[in-house]
Amino acid sequence: MQELKELLEKAVQQIANKHKYKVPDDFVVRIERPRQAGHGDWATNIAMQLAKSFTVNPKKLATEIIEALPKDKIIEKAEVAGPGFMNFTLTSDWITSTVKSAIEKGKDYGRVNDGNGRRVQVEFVSANPTGPLHMGHGRGAAVGDITASILDFAGWNVEREYYTNDSGLQMELLGKSAQARYFEAIGRGDEVCMPEDGYQGEYMTDIAKTFVEKYEDSLANKPLDESLKFFIEETCEIVLGMIKKDLEDFGVKFDLWFSEKSLYDKNLIEPAMDALKARDYAYEQDGALWFRSTLFGDDKDRVLIRQNGMPTYFTSDVAYLKNKYDRKFEKLIYVWGADHHGYVPRVKSVNKALGHKDTELEVLLIQMVNLLRGGQAVQMSKRAGTIISLREIIDEVGVDATRFFFVMRRCDSTLDFDLELAKKATSENPVFYVQYAYARICSIYRELTERNIAVPLIADFNVSTLINPLEITLATEISRLPEEIAKSAEELAPHRIAYYATDLAEAFHAFYNAQRVIGVEESVMKSRLLLIEATRIALKNVLGILGVSAPERM
RNA sequence: GCGCCUGUAGCUCAGUUGGAUAGAGCAACUGCCUUCUAAGCAGUAGGCCGGGGGUUCGAGUCUCUCCAGGCGCGCCA
């Protein structure tokens, strides 16, 4: 409600000038939707906030602000309440403009321009290509993807990126594991044994089988060292292919798959180390290269290049970070599992060491997922190979419910994911609740065609025919979408959108049960049809952001 | 030992950056389908916001401390 804010700003300024009060520099007019129905459409507590620096009574100040408020047609009623709140009731114009705006903007309804076209990168999932994705990655995928969509809606220029750890020791281990399984598959298992901490999952046996089908036993005739390189590269590619397929089927599409190995191939490590050295954030000692993390509060400096000349994981992450900035991103978002939280201060430090502001890099930490089945925890063990993969989950409960469930909770809260609940096609399941609202609206429009009734034009909307509180509530919910986009983008809080979707659907269901759309007086019908069309658009856009389908029938 | 996250209705969780009488969903109970989809709606009941101090006009929200649970603390990634 930008107009109301501006009116209030003017009034405050006028009063300040009159009494020679000083408005604090950080003061902004903030208005909110009161939770109490009797408190009007919008409320603000600015009088209480300003009362301190003006050294006046908050209630008196509130009265004065209201009196100083420029006359405007959007305000129906303004009153002082409680200890100094100001409550505003608006004229019904806002309903008309909400419905109009939704219908006219269509798939763009809800977009705001807070991002102003700035470039932001969301890096998420980035799981090591050593095995299929599990449900923890699934939560990261849903949160990352939906956050990116929200930022897009908030006016940012967004890129989704997956960082592949395709170099280093764990890749060697992966290759050795594949090699061992391959020898087993051709009946020469005694020649190569599975490494102690190798990758034991069933998928490795399957991969070995494809090698046998393709190459028979020819790979075994080369020296082991020589064939290892092949096993590493091929296996990595196959596993990455599985991951890509899983994510694609989960509705997640990346703009770029960034290879860690490419940092080495393109010689991007040294320049990054030089950048740190040049600003004296890196130094050599005991034959190793160290990062001065103690300058940023770490309890010890961290190694960048080992004594033996080998880089650490940290090395490539520094180079990768620098590379992101070289690609002119103005904001970087990392989506990580909370088990990596200990690493946050270090990336933040490097960020500062490279000369960037703290606000340019944000890490979204995602807490664990507890998998349940009918209220019972599902026991999983990596060793026993009983990890439930993302693939299994989406096969069992479907993409829509999986995505919705993963994003339903605040990121920093652990998530209970109940497979039985997610599968239930009942009211216990919030996904269907939202989709059902959409399907119901589509159904009304089908009925319209069936009865040969013309679809109304926007000009047919007559707000005076909508007097029921349920209609007003529904319009309110529709009008909230742009605010919700702005807030969830600012807070990087995708769960807000899931909640909003439920609120919007609830307002619709309540309206639907109490009021008929078809079969009432024509002007009323037209207005209601336009109101639910606006609802449909808002629902569709929200479901689109969540990556959940909007079925026309259920 | 140190650090991060969490603790709100029987269960799962929101809580508008410190605001008015703390809210949903599920489970429980009571009603609502000859008319656009009952995967829905309306209502009832359910609370020491983990405990205790502090900050102020005002605290679920900020601070300190304790308790409980989860997760981290390598020249591993």
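Throughout, protein chains are lettered first and strands after them, A, B, ... in sequence-line order, and every chain is numbered starting at 1.
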Side-chain N,O (A:Tyr433) to OP1/OP2 (B:C41) below 4.0 Å: yes

Touch class at under 4.0 angstrom, heavy-atom based, for A:Arg496 against every strand present: nothing

Any A:Arg302 side-chain N or O less than 4.0 Å from OP1/OP2 of B:G74: no

Sugar-phosphate only, base, or nothing, as touched by A:Gln307 at under 4.0 Å among non-hydrogen atoms: base

Side-chain N,O (A:His495) to OP1/OP2 (B:A24) below 4.0 Å: no

Per-nucleotide pairing state of RNA chain B [Watson-Crick or G-U, under 3.5 Å; [ ] pseudoknot-crossing; | other strand]: (((((((..((((.....[...)))).(((((.......))))).....(((((..]....))))))))))))....

B:C57 OP1/OP2 closer than 4.0 Å to side-chain N/O of A:Lys59: no

Shortest side-chain distance from A:Tyr512, nucleotide among B:C5, B:G19, B:C36: B:C36

Among B:G15, B:G70, B:C41, the one nearest A:Asn513 by side-chain distance: B:C41

Sugar-phosphate, base or nothing in reach of A:Asn45, heavy atoms under 4.0 Å: base

Touch class at under 4.0 angstrom, heavy-atom based, for A:His341 against every strand present: base

Centroid distance under 5.5 Å and plane angle under 30°, A:Phe85 vs B:A20: yes

N or O in side chain of A:Arg35 less than 4.0 angstrom from B:G15 OP1/OP2: no

Sugar-phosphate only, base, or nothing, as touched by A:Met48 at under 4.0 Å among non-hydrogen atoms: base

Cation-pi, A:Phe258 ring and A:Lys324 (6.0 angstrom, 45 degrees): no

Distance below 4.0 Å between A:Arg440 side-chain N/O and B:A38 OP1 or OP2: yes

